[in-house]
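Read the structure below first, then the notes.
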Amino acid sequence: MHHNGLRTAVLLGALSALIILVGWWLGGGRGVQIAVLVALVSNAVAYFFSDKIALSSMRAQQLGPSDWPDLHRVVRELSERAGEPMPRLYMSPILQPNAFATGRNPQHAAVCVTYGITQLLNERELRAVIGHELSHVYNRDILISSVAGALATMITYLAYMVGFFGGGGRNNGPGVFGALVLMILGPMAAAMIQLAISRAREYQADESGARLTQDPLGLAAALRKIDAGTRQVPLPQNARLESTSHLMIANPFRGGGLGRLFSTHPPIADRVRRLESMAGIQG
């Protein structure tokens, strides 16, 4: 826990430092204020409607207790063990095996499984996946990714302002070349830090999910199957799905080469290895 939590804190600090640096370079107080406002508004919307945005992008339908009693039983057992309220359950008709959780806190949580994952995994593996997803909610990952998103938006916006307005009238402004560099590198650095935060949160959810289910090997087995399944049925890369992809248990797009560098998820092999070593410690 501490390692990944610390890593997230350090990365969020790096994003904040980047904003201060760009703002200082810009030298225009008004620009910084506008950037903060734009970022806060756009990400507040994403934060409060995160569940609706994600569920609608996956065409998910809510499951009542009678629709799938076994799944409800598993989710109820795990949320009671965690001492948290029962989340809403959804099924997406998508054939790709995947799952995600969303909701800004345990009271507004939703867990969504795709039709594909229910066909691929057995009950033990599905239980392990649900444990991972619930952990995202309990670890406040939607909040953390919203904060990271807000900071990244600010950096991008400030970098464009430097590009368009130069150094805010100060002699030590960045100049044309500096402005160009900042326009390209600022948003890129912000995106890379944001992705690193996402990856740290995945490791974290694997770890706390495996603790909740007391079954790290179940999750390792599920991840192996999901990895093979997502490769066979990659999702089309459209904007609506991209905004949800970082929430999913496995990267839904076909990634290779540079894709790995810009992936929101750590490599499955690394995650499986960590889970197996957890099982070794437990066993």
Side-chain angles (χ1 to χ4, degrees), residues 1-8 10-11 78 94-101 111-114 116-139 141 144-145 148 191-237 241-242 244-283:
M1 152 66 207
H2 303 302
H3 172 66
N4 289 314
L6 182 67
R7 196 172 148 202
T8 304
V10 168
L11 290 163
L78 290 175
I94 287 172
L95 292 176
Q96 183 189 72
N98 227 318
F100 67 91
V111 172
C112 177
V113 291
T114 63
I117 206 171
T118 65
Q119 301 305 296
L120 182 70
L121 302 187
N122 61 33
E123 189 175 305
R124 175 192 175 187
E125 292 158 346
L126 198 55
R127 180 175 177 272
V129 164
I130 299 284
H132 168 101
E133 295 309 335
L134 290 173
S135 292
H136 273 308
V137 176
Y138 306 153
N139 295 342
D141 282 348
I144 290 167
S145 64
M192 296 294 278
I193 296 171
Q194 209 179 347
L195 292 172
I197 290 171
S198 261
R199 288 194 284 267
R201 306 315 301 156
E202 270 325 295
Y203 282 133
Q204 174 68 57
D206 283 348
E207 198 179 308
S208 16
R211 278 219 193 88
L212 179 59
T213 58
Q214 295 174 331
D215 186 13
L217 293 181
L219 185 54
L223 285 174
R224 275 206 201 89
K225 281 190 182 176
I226 292 165
D227 187 35
T230 47
R231 281 171 212 255
Q232 282 166 3
V233 195
L235 290 186
Q237 244 170 319
L241 284 176
E242 277 178 23
T244 308
S245 66
H246 71 97
L247 298 172
M248 297 184 195
I249 191 162
N251 185 359
F253 309 122
R254 185 169 274 142
L258 257 183
R260 277 194 59 161
L261 190 62
F262 291 98
S263 171
T264 47
H265 295 72
I268 295 280
D270 288 359
R271 293 167 68 180
V272 165
R273 201 165 48 243
R274 286 185 181 209
L275 287 162
E276 284 172 346
S277 69
M278 264 185 90
I281 294 162
Q282 285 188 355

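All values below come from the heavy atoms of this structure, side chains included, with hydrogens, waters and symmetry mates left out. Sequential numbering from 1 along the given sequence is applied to the chain's residues.
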Nearest 0.5 angstrom please: N98 CG to I226 CD1, how far?
6.5 Å
Could you state the interatomic distance from OG1 (T264) to CD1 (I197), rounded to the nearest 0.5 Å?
13.0 Å
Verify, without hydrogens or angle tests, whether Q232 (side chain) and G229 (backbone) share a donor-acceptor contact under 3.5 angstrom.
no
If you round to the nearest 0.5 Å, how far is CD of Q204 from CG of D141?
7.5 Å
Could you give me the CA-CA distance, side-chain angles and deciding distance for E207 and R274, then say whether side-chain contact (heavy atoms from CB on, under 4.5 Å) is met?
CA-CA 8 Å; E207 198 179 308; R274 286 185 181 209; 5.6 Å; no
Have E202 and H136 got a donor and an acceptor in their side chains that come within less than 3.5 Å?
yes
Look only at the side chain of T213 and the backbone of A128, and say whether a donor-acceptor pair between them is shorter than 3.5 Å.
no
Starting at CD1 of I130, measure out to CD1 of I249 and round the result to the nearest 0.5 Å.
9.0 Å
Looking at CD of Q214 and CG of L78, how far apart are the two atoms once the value is rounded to the nearest 0.5 Å?
10.0 Å
Return the minimal non-hydrogen interatomic distance between T230 and D227, and the atom names on each side.
OG1-O, 3.0 Å
Under the salt bridge (Lys or Arg N to Asp or Glu O under 4.0 Å) test, residues paired with R127 that sit two or more places apart:
E77
CE/M278 to CZ/R211 distance, rounded to the nearest 0.5 angstrom?
5.0 Å
